[in-house]
Visitor: 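Pasting in a structure now, in structure tokens, and then I'll have a few things to ask.
All values below were derived from every heavy atom in this structure, side-chain atoms included, with hydrogens, water molecules and symmetry-related copies excluded. Keep in mind that this is a model prediction, so the values were computed, not measured. Residue numbers count from 1 along this sequence.
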Amino acid sequence: MRILFWILFLSSFGAIAQKNTSKQEENTMKLVNNIIRIQNNNNLKAVDFSYSFYEKSIISAPPDSISAKIDTIFKNKKKKKFTIDSSSYKFKKIITKQHLYQTEKVSSISITKGRKKETIIGLKMAGLKQPVYELLGQEFMPFDLSKKHLKILQFTFQNPFTTEGSKKYKFEITDTITTYEGKEIVLQFESKKNIFKNQIKGSVTVNLKTFSITKSTFFIYSVINVKTETVFGWFNNGKSWFPVSQSLYVTKGKGKHNIDFLGETVTFDNLTSTSSKKFDYSNNLYVKIDRDFTDYNFTEKPKKQHYQIHIDKSATKPNTVFFNTIANDTLDTRSQNTYQTLDSLVTATKIERKIYFGKKLINGQIPFGIVDVRARDLFKFNNYEGFRLGIGLQTNDRLSSSFKLFGYGAYGTKDGIFKSQIGSSFRVSKNTDTWISGAFTDDITEFADLTLLADNKRYKLFDPRPFNLSTFYNHQSYELTFESKFISKVETTLKINRSRINPLFNYDFITPSKSNHIYNLTLATLSLEWSPNSKFLQAPQEILEVEKGYPKVILQISHAIPNVLSDNIEFTKIDARIFQEKKHLSGQKTTFLLQAGLNLGNAPLSHLYSVAPNNLDREAILSRITFANKTSFETMYFNEFYSDRYSLFQLKHYFNKLQISKSIKPTLILGSKVAFGDFSHPENHQGIVFKTMEKGFYESGFELQNIFKGFGLSTYYRYGPYQLPKFDQNIAIKLAFTLNLGI
């Protein structure tokens with residue numbers, strides 16, 4: 001009987017506990033739903049406003065956590081040979097007096113229809129007279145907690161306080177506190193397992209009367225540990241709430257990795273036993289960013305601004321009084337010493353010269369005084385020229401920021417012919433970065449190349465596809481080019497050139513009047529590259545893309561003008577490209593490339609389309625191994641297909657790195673590519689045999705990037721209507737090379 005009694009008692013007790021737990025979970029979700037409702041009503045796109053903020057960023061370490069002890073390190077087991085390790089003592093001495101790095105910024109922000117524009121009115125980077133403007137486009141932590149996705153440093157994750165995002169987290173009410181504004185509840189949250197690549201934890205303090213978040217804290221534990229804290233206040237007559245202050249704190253995490261901060265790499269790597277530095281100070285390092293928000297204004301109309309970030313002309317001028325006035329408190333002694341010490345250090349070690357050199361090198365230029373050597377012109381190889389050796393020179397802003405002279409000379413060891421270019425450029429507007437250039441070129445170019453004008457501005461350290469080309473044409477061209485960014489987020493290029501075209505293989509172009517092996521052509525081309533989601537900064541001397549966004553859209557229109565110092569050749573080409581990159585919360589990403597071209601009129605084959613083939617017509621698979629190209633069709637043979645209208649689509653999915661060993665961490669990529677093409681009058685092109693692609697060309701495969709030192713492998717298989725009879729003819733195995741410059 002007693003046993004039965006206890007069974008009934010425990011059962012009823014468990015039922016009550018389960019009921020209480022269910023009730024608590026129900027109350028928690030009611031609170032979460034109320035927060036989401038308030039978040040939606042607080043949508044920042046619904047109101048135009050402006051504000052100011054002061055930001056201070058430091059890299060430092062806590063002096064109290066570092067030992068000042070001088071250690072003795074023995075070199076042998078008998079402890080007769082030893083050295084003195086004073087690195088800990090020296091580091092503590094330095095960090096007690098100053099921080100390792102520091103920067104301050106004062107900005108005025110305007111939000112119009114959800115679009116943010118920033119004007120930097122004060123800027124100070126320790127040790128640098130000329131700030132590195134490329135570093136100023138990073139957000140670091142979210143201002144608006146109503147967005148679907150939040151981003152902290154390089155981590156992107158779903159917002160816990162959205163209808164969809166709340167399903168990815170576990171919530172728990174942990175405390176109730178009383179403030180002068182009334183009762184507030186502390187609500188903790190944690191991402192569910194296997195939802196995101198990194199574990200997300202945090203808490204919010206919620207006002208029970210308004211259900212508004214008065215304080216939020218996020219924790220991310222990964223290769224680095226990150227903590228952010230935001231305090232909110234009510235503004236706009238109680239209609240909206242906005243940040244009053246923010247802070248971000250970063251320390252070393254659980255792995256041997258680095259973090260990009262302010263465009264520089266802060267190393268948190270463990271030091272090896274072979275290191276000359278015996279004290280591992282990386283465990284003590286931290287990155288800290290503090291922000292204070294002031295002057296919220298909801299009545300004054302924000303000023304119009306062309307680009308997302310604009311640097312005021314007086315922003316970089318020294319003004320200590322200004323910074324001390326705008327900040328909540330003046331700089332502490334360590335901060336003041338940081339500026340003084342780093343200013344002296346930069347002068348002594350000429351760090352600014354190194355930064356200048358690095359920025360040039362990333363763009364393929366090697367500076368020597370007033371002249372830059374263009375790296376792209378030093379060495380190339382193809383089947384027609386053999387080894388192409390040359391040198392390209394261009395004057396830089398040390399000579400003039402409004403005028404350039406440029407040119408190159410190159411010699412092919414196989415064809416034995418010298419190629420050259422000479423030209424000059426004039427800047428007509430700094431506000432829109434507008435240049436007018438003129439040049440004469442005597443060189444060779446690939447037949448039916450898909451390259452657009454916008455592609456020529458990008459530096460490629462390694463472009464493997466032309467290695468195996470043999471179909472070129474010589475051209476002697478006079479060209480006039482207009483380049484400008486006068487349309488926001490659009491790079492505009494207008495180019496007019498008159499060329500004498502001489503195909504370097506057996507080819508004749510048939511026009512109604514005659515057959516042409518050599519022909520003259522006058523071509524006008526307008527190229528528009530639109531980056532709707534990129535962030536641009538207008539510096540005093542230039543306009544920079546400080547945060548790359550997608551999609552990238554290019555529209556190019558070319559028209560051949562007849563009877564203008566040329567033969568009677570007239571046609572119009574319309575080319576378009578859309579490149580999209582989608583990053584997933586898991587850390588993986590997917591890329592999409594859609595490109596098409598249409599020719600109207602009778603154009604020579606030199607100016608039509610070959611859809612980027614990259615395969616050699618040889619029997620054995622191993623004899624066809626070359627280097628893969630990012631957007632080429634790896635199983636399509638050179639000169640196999642030509643078109644006067646085409647479309648192509650390429651899809652690639654990048655998985656997270658595979659941990660094979662400590663040094664081998666390749667990235668697996670699955671890819672699929674398709675192209676269609678047709679030709680209206682192939683009889684107008686004599687001397688070359690080719691096919692069209694009206695049935696569709698298909699290939700799919702996989703890539704392993706960065707297997708070792710940037711090298712990898714790529715394998716694609718050809719299938720569909722143009723599949724070849726033998727199995728091995730449809731397989732392409734390629735070497736791949738990826739260079740990570742950290743940009």
Side-chain angles (χ1 to χ4, degrees), residues 28-53 107 109-118 138-153 155-171 181 184-191 195-196 200-220 226 228-248 291-294 296-298 302 308 532-533 535 547 549 583 585:
T28 301
M29 290 315 299
K30 279 184 179 180
L31 177 62
V32 172
N33 291 331
N34 279 322
I35 296 172
I36 294 172
R37 177 176 56 82
I38 295 298
Q39 290 271 74
N40 293 334
N41 293 336
N42 192 55
N43 194 329
L44 300 188
K45 294 181 181 179
V47 61
D48 293 348
F49 62 99
S50 63
Y51 63 92
S52 301
F53 83 91
S107 293
I109 308 292
S110 66
I111 309 290
T112 306
K113 296 180 180 179
R115 296 178 181 178
K116 178 182 175 182
K117 297 292 178 72
E118 176 180 359
Q138 302 184 45
E139 290 288 348
F140 302 127
M141 41 190 158
F143 175 87
D144 180 7
L145 287 187
S146 67
K147 292 184 176 180
K148 181 179 179 181
H149 292 142
L150 301 178
K151 185 177 181 182
I152 298 175
L153 292 180
F155 303 104
T156 300
F157 53 93
Q158 272 190 307
N159 187 348
F161 301 103
T162 61
T163 303
E164 183 180 348
S166 62
K167 300 173 184 177
K168 313 294 184 184
Y169 291 83
K170 297 180 291 184
F171 297 91
E181 292 181 348
E184 294 185 346
I185 284 183
V186 178
L187 177 67
Q188 289 188 351
F189 56 87
E190 180 180 345
S191 59
I195 295 295
F196 308 131
I200 311 294
K201 295 182 179 181
S203 66
V204 292
T205 304
V206 184
N207 185 292
L208 271 182
K209 183 179 179 180
T210 61
F211 295 109
S212 61
I213 297 175
T214 59
K215 182 180 177 181
S216 69
T217 305
F218 288 89
F219 297 93
I220 302 174
V226 183
T228 69
E229 186 175 278
T230 305
V231 177
F232 297 92
W234 280 94
F235 296 93
N236 195 20
N237 297 321
K239 297 177 182 178
S240 306
W241 54 272
F242 296 95
V244 176
S245 64
Q246 278 186 315
S247 66
L248 179 143
R291 287 177 176 171
D292 291 314
F293 299 85
T294 58
Y296 281 101
N297 192 312
F298 301 89
Q308 291 96 320
N533 295 317
K535 185 182 292 185
E547 186 176 302
K583 291 185 177 180
L585 299 177

Visitor: Name the residue from Phe157, Phe219, Phe218 that meets the ring-ring contact (aromatic ring centres under 6.0 Å, His included) definition with Phe189.
Guide: Phe218
Visitor: Let me confirm one number: the CG-CZ distance from Asn297 to Phe49, rounded to the nearest 0.5 Å.
Guide: 11.0 Å
Visitor: Taking the side chain as every heavy atom from C-beta outward, state whether Asn34 and Val206 have any atom pair closer than 4.5 Å.
Guide: no
Visitor: Any salt bridge between Glu139 and Lys116, counting N to O under 4.0 Å?
Guide: yes
Visitor: What do the steps show when you test Phe232 against Phe293 for ring-ring contact (aromatic ring centres under 6.0 Å, His included), and what is the final call?
Guide: CA-CA 10 Å; Phe232 297 92; Phe293 299 85; 9.3 Å; no
Visitor: How many angstroms lie between CG in Asn207 and CH2 in Trp234, if you round to the nearest 0.5 Å?
Guide: 8.0 Å
Visitor: Nearest 0.5 angstrom please: Glu229 CD to Met141 CE, how far?
Guide: 10.5 Å
Visitor: For the NZ atom of Lys201 and the OG atom of Ser191, what is their distance to the nearest 0.5 Å?
Guide: 8.5 Å
Visitor: Can a side-chain donor-acceptor contact be found between Glu184 and Thr205 if the only test is distance below 3.5 angstrom?
Guide: no
Visitor: Run the ring-ring contact (aromatic ring centres under 6.0 Å, His included) check on Phe242 and Phe298 step by step: do they pass?
Guide: CA-CA 12 Å; Phe242 296 95; Phe298 301 89; 5.4 Å; yes
Visitor: Look at the rings of Phe171 and Tyr169 and say which category their plane angle falls in: under 30° parallel, 30 to 60° tilted, over 60° perpendicular.
Guide: tilted
Visitor: Quick check for you: to the nearest 0.5 Å, what is the distance between Tyr51 atom OH and Ser107 atom OG?
Guide: 9.0 Å
Visitor: Quick one: pull up CZ in Phe140 and CD1 in Ile152 and give me the separation to the nearest 0.5 Å.
Guide: 13.0 Å
